[in-house]
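This report refers to the structure that appears directly beneath it.
Here the structure is a predicted model, which is why all the values come from computation and not from measurement. Just so we're on the same page: letters track the sequence lines, and every chain starts at 1.
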Number of protein chains: 2
Amino acid sequence: MDSSRKRRTSPTIADVAELAGVSRAIASRALSSESRPVSADKRARVLEAAEKLGFKPNLLARSLTTKTVNLIAVIVNHIHDFSDLDLFDLLIGEIQSIGKQVIFLRVGSVERVEEFLRNGVAYHVDAVLVFSDFADAAKVRKMFRNDDVLMLNGMHDGSSPSVVPDEAIGIAEAVADAASKGVATAALVTGRVSSPVEQSRIAAYKAEMRRHCIKLVAELRGDYSYASGRQVAQSDEWPSVDAVFCTSDAMAMGVMDVHRDAFPQNQPGRFKLYGFDNLSLTDFEAYPISSIGYDKKAYIGEILRFLTRPEEFTNAEAYVTVPTFFVPRTTS
Amino acid sequence: MDSSRKRRTSPTIADVAELAGVSRAIASRALSSESRPVSADKRARVLEAAEKLGFKPNLLARSLTTKTVNLIAVIVNHIHDFSDLDLFDLLIGEIQSIGKQVIFLRVGSVERVEEFLRNGVAYHVDAVLVFSDFADAAKVRKMFRNDDVLMLNGMHDGSSPSVVPDEAIGIAEAVADAASKGVATAALVTGRVSSPVEQSRIAAYKAEMRRHCIKLVAELRGDYSYASGRQVAQSDEWPSVDAVFCTSDAMAMGVMDVHRDAFPQNQPGRFKLYGFDNLSLTDFEAYPISSIGYDKKAYIGEILRFLTRPEEFTNAEAYVTVPTFFVPRTTS
DNA sequence: CTGTTAGCGCTTTCAT
DNA sequence: ATGAAAGCGCTAACAG
């Protein structure tokens, strides 16, 4: 019956210990990644036995005692939250390189988010990276253990650690660029104004325009998407201005396609066009849109610092900032 | 000291039971999603206690006895494997809607994949969706329990369940479209020819061209990316043909940008251009590329059927196919 | 260095 | 309907 048990389920550390002729504790130590004291020959026997049996530690059982699962939760509204895919690809790669795996939560369309999370594995991960704005910092802090949560959605309230691109820098550079080129009137195409991030973004644009005496002629409302950019650009309210600032590259692409005739190949367009996000798409020849970006490596570096040394994010450094910068292309 | 314990760690079911004045077993039953026999008043007390304590079941501990974690692993090479983000977004949403969460593995740059997986939680998930071609079906089958693995990378070998878009259909339609428009010569821009999927894709194009007496003048090698499309289009080997078939939309976009002058707005181009994947980008005005796509909803529907009723995928139905279709746009 | 002994938090017989 | 008790697989004291 012992063998029948072995046949059904995969071998446990007890099986390994038995085959190696040692106690379970010794087997555990020999198999541990940290160097626990075990005599050389026993360690060898254990390793051999484990190999022979094809032993795979049950990490779930392990986590029960070690209180750590090597699992990081990433919470987003939608996949598109990662305005650039490369960021996501890089992030997962880096997290995996420190031996952790990523559990991915899309809360965009989940009604009872809290209950959903509460009943899932996500509640017991080592850390939570919050890109979604499904809840404010205080609520998230209540839902999880605070020191395990990193707010990446801009919804920090001063008491939750967070890393955020400092958008004001790039915006200032972009508006200064426009001013230096004689822009006197401008339009602003915005996204979801309900979001705090968007609000401060808009505020930054307005402040910089004031400073450079650029007159804000129109403020048009989109939703970050290509389609909304097109819609806005086709509407009756579309103004005649020297420059158009969009709070997303996708909207800028929509604007550009509607006014394609205003942008002759490799020549100054009828108006300057500025996007936001620095999507890799803007490297495509058809959408050479000047944009605002930030150093993804640096950004992810900070996130990884949080994951590996969370204690550095407890107090003063709880609010980390990554500079953004203006990326000139043909449309400006 | 009891209260001190409570303070440090989150409440367990024992705490709930104690507060409700019942045994742990009763608490467990009352909290269970399945309807176990518990008297109404005790159930109410347990629920109230759980609510009051903010009890969150530790699913990892639960999985130790139930042998199920409600976790699905999704293995990809890189994020870009999802040629269309929408697919991924939809997939995760659907998986979550059946109460499971997704653990995301990017194996593109992980050297010792097997070891990496083996040492992670991913090894203990309920099911594995393999988009990556990091290993062939036989090896994957050996790594995981076979009935838990769904091959989505085209690397099926007849004994692993898999669902695959039937690319031959769409390719036949695309080539037929070209033939009907008088195309007599064509070039083929391919991706990584090492991949079996790509090989059969290429074979399908060739067979259809033969059938329609379209002469394959050149076969150029890219790597699916926009950049490689550009590179190929700029090379000396670039032929003068009636049609160019690319095995990815990204490469077609690169080709289009290099030969932008060959594609006047809303008019027949100097040559027909066909992509593959039906990226949502091809709905953008700047890249109106005819392409080959499939019904994402149907595809994901099959994946979910596997997740919810795996027994249906054991024998005859182990190899499921989703039809592809040609999507005409301005470039053809 | 090694083995024994307790658990981790939860579910599940099995009596009652 | 209920509770006691036995684990799930593993690690961490604690004595030797």
Is the distance from OP1 or OP2 of [N] to the nearest side-chain N or O of [X] less than 4.0 Å?
X	N	value
K67(B)	dT11(C)	no
R62(B)	dG9(C)	no
S28(A)	dT11(D)	yes
T65(B)	dC8(D)	no
T12(A)	dG9(D)	no
K42(A)	dG3(C)	yes

Among [options], find the nucleotide with the atom closest to the side chain of [X].
X	options	result
I13(A)	dT11(D), dG3(C), dG3(D)	dT11(D)
T66(A)	dA12(D), dC8(C), dT11(C)	dA12(D)
A25(A)	dA12(D), dT2(D), dG9(C)	dA12(D)
R24(B)	dT2(D), dT5(C), dG7(D)	dG7(D)
P57(A)	dT11(C), dG9(C), dC10(D)	dC10(D)
R29(B)	dC10(D), dC10(C), dG3(D)	dG3(D)
P37(A)	dC1(C), dG3(D), dG9(D)	dC1(C)

When the distance from [atom1] of [X] to [atom2] of [N] is rounded to whole Å, what number comes out?
X	N	atom1	atom2	value
H124(B)	dC8(D)	NE2	P	16 Å
L60(A)	dT11(C)	CG	C1'	15 Å
L31(A)	dC10(D)	CG	P	9 Å
R45(A)	dC1(C)	CZ	P	15 Å
L64(B)	dC8(D)	CG	P	9 Å
D15(B)	dC8(C)	CG	P	11 Å
L59(B)	dG9(D)	CG	P	18 Å
Y123(B)	dC10(D)	OH	C1'	19 Å

Test: [X] and [Y] ion pair at under 4.0 Å:
X	Y	value
E312(B)	R309(B)	yes
R305(B)	E302(B)	yes
R141(A)	D157(A)	yes

Practice problem: Determine, using ring centers only, whether F88(A) and F104(A) are less than 6.0 Å apart. | Solution: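 They qualify: ring centres under 6.0 Å apart.
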
Quiz item: With sequence neighbours left out, what residues match F55(B) under ring pair (Phe, Tyr, Trp, His ring centres under 6.0 Å)?
Solution: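 Partners of F55(B) under the ring pair (Phe, Tyr, Trp, His ring centres under 6.0 Å) test: none.
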
Practice problem: Report the relative orientation of the aromatic rings in H156(A) and Y319(A); use parallel for angles under 30°, tilted for 30 to 60°, perpendicular for over 60°. | Solution: tilted

Quiz prompt | Residue whose closest nucleotide on DNA chain C lies nearer the 5' end, I26(B) versus S39(A) | solution =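 It is S39(A), whose closest nucleotide lies nearer the 5' terminus.
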
Self-check item: First of A61(B) and D41(B) reached from the 5' end of DNA chain D, by closest nucleotide
Solution: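 Its nearest nucleotide lies further toward 5', so the answer is D41(B).
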
